[in-house]
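The structure displayed is predicted, hence computed values, not measured ones. Here is the naming used below: chain letters follow the sequence lines, and residue numbers restart at 1 for every chain. The analysis underlying the following values was restricted to heavy atoms, covering all of them including side chains, and did not include hydrogens, waters or symmetry mates.
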There are 2 protein chains.
Amino acid sequence: MRADAQRNAEKLRAAAAELFQERGLKVPLKEIARRAGVSHGTLYNLFGTREALIDEVVTGLAADRLDEAAEHALSFEDPREGFAYYIEKVCELQATDPAVADVVSGRFPAAECLMAICGRAQDAATRIIERAQLAGAIRPDFTSEDLLLFFGTNALLARAVADTAPDAWRRQVAFLLQGLDTAPAQEAPSAAPLTGQQVYDVMGRLAGTP
Amino acid sequence: MRADAQRNAEKLRAAAAELFQERGLKVPLKEIARRAGVSHGTLYNLFGTREALIDEVVTGLAADRLDEAAEHALSFEDPREGFAYYIEKVCELQATDPAVADVVSGRFPAAECLMAICGRAQDAATRIIERAQLAGAIRPDFTSEDLLLFFGTNALLARAVADTAPDAWRRQVAFLLQGLDTAPAQEAPSAAPLTGQQVYDVMGRLAGTP
DNA sequence: ACAGTTCTTGACCCTTGGGTCAACTTGCCT
DNA sequence: AGGCAAGTTGACCCAAGGGTCAAGAACTGT
């Protein structure tokens, strides 16, 4: 590969990483090229597909943080606390970084690294859930599949509320944790309830204009 | 208005109602015209905007069923049961009818009738929630705004799982109800857990290819 | 320093969906 | 029956986003 091509690829990776974090994994490829300062033809030439581009940057974008969350969750003495920590942490990552949100949701099946990260995350979730269940801390019929589905909807919710009430997702997470806990502590959710206007705004964004 | 125009408007309303129920309120207008057997120009001529068309059919599509659900919920002796019934019923309506899902989510702010229905639904929700809270059945900090947000995400989830595991949303609802209840009964969710493959499929559809 | 290979460019094509309007048809009233 | 208003049509416009490729620019090895 020629030196200038190498340089362009690097610029594209950088631009992609930026835009993925700002707007998620489905930003227009032409915009990535624009930010990188090259023609979109070059992007197609060097990477071919969006999935290939994702594969080259996604590890740095999400893998570390997800792995760390899982590790830390398992390091808690109390499996119940570890479980709660993990769910909140992952949701928080999703809320603060659209790229992570899309990674966890695991669209883009053609991106191998992404799917690998996804798989690792699910394995971690399984371990964290089972540990909590063995301790009798959470309901025994909750599965990692349920959790993934929750993460999937949380990704959308977090993105929809981002501009209006950036912490709104915490309430839903609190309700879920309460529902899963075998001995709920009935704590107050860690975010204020939304106003009618805020809900109105958010609803417009939920699957509305992305 | 000439008789043939009247007839065309009727055909368009019928086609719209059908397609809204099959695919939600954002089906392409040209497709509605095609199903009605008229040119899309006629649709624009007779209704002008998607919102106007929605306004003419949405009452028949959703209002009755939503009102009925609210009414029935309030007729329960036990406020806790009424509350649980209402949430499950609305989610079920969303799951079985994409039009209802979009109505409850209240996008399309320009559609007056739709927004009216939305408002009525929220009022009903408020009453049902407050009744349950007065009875001490559910946590006192849950608001109708929280519920609307939940409905919003449920709409997306229900649509995503429709082809793969049409009852999957019931598990999430069960977890929420458990989390809101002050004296949870720890019942089993009323749907089987998903398999990995099913989650994989669903994730692809969640905010993926609409 | 130049040939030859590699790479880049941007004009071009495709699709989907919203929207407009001049020219044509058709219903209706007299 | 005929004329005019009302209604219909479909070709056309737009924008966004994905993708391709001939022509030209730029590296690099000798």
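Between the CZ atom of A:R23 and the C1' atom of D:dA16 there is a distance of 12 Å, rounded to whole Å. Nucleotide C:dG18 holds its P atom 11 Å from the CD atom of B:E51, rounded to whole Å. For A:L46 and C:dC7, the CG to C1' distance is 8 Å, given to the nearest whole Å. Computed from coordinates, the B:L12 CG to D:dG7 P distance equals 14 Å when rounded to whole Å. If you take CG of A:L43 and P of C:dG10, they are 14 Å apart, rounded to a whole angstrom.
Considering only side-chain N and O atoms, B:N45 lies nowhere under 4.0 angstrom from the phosphate OP1 or OP2 of D:dG7.
Under the salt bridge (charged side-chain N to carboxylate O under 4.0 Å, His left out) criterion, B:E31 pairs with B:R23, not counting sequence neighbours. In this view, B:F47 satisfies the ring pair (Phe, Tyr, Trp, His ring centres under 6.0 Å) rule with no residue, not counting sequence neighbours. Taking B:R35 as the reference, B:E18, B:E22 meet the salt bridge (charged side-chain N to carboxylate O under 4.0 Å, His left out) condition, with sequence neighbours excluded. Legend: residues meeting salt bridge (charged side-chain N to carboxylate O under 4.0 Å, His left out) with B:D146, ordered by chain and number and at least two apart, are A:R171. In terms of the side-chain hydrogen bond (donor to acceptor under 3.5 Å, both in side chains) criterion, residue partners of B:N154 (sequence neighbours excluded) are, by chain and number, B:Q94. The salt bridge (charged side-chain N to carboxylate O under 4.0 Å, His left out) test applied to A:E81 returns no partner, not counting sequence neighbours.
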Margin query: Please encode protein proximity along nucleotides 18-23 of chain D as a string of B, S and -, counting only heavy-atom distances under 4.0 Å.
Written below: BBB---
Next item on the list: Could you run through nucleotides 24-30 of chain D and give me one letter per nucleotide, 5' to 3': B if any protein heavy atom sits under 4.0 Å from the base, S if only the sugar-phosphate is that close, - if neither?
Entry: --BSS--
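Considering only heavy atoms from C-beta on, A:P193 stays 4.5 Å or farther from B:E145 through its side chain.
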Show me the side-chain donor-acceptor pairs of residues 83-90 of chain A shorter than 3.5 Å, one per line, residues at least two apart or across chains.
unit_1, atom_1, unit_2, atom_2, d
A:Y85, OH, A:H72, ND1, 3.3
A:E88, OE1, A:R170, NH1, 3.1

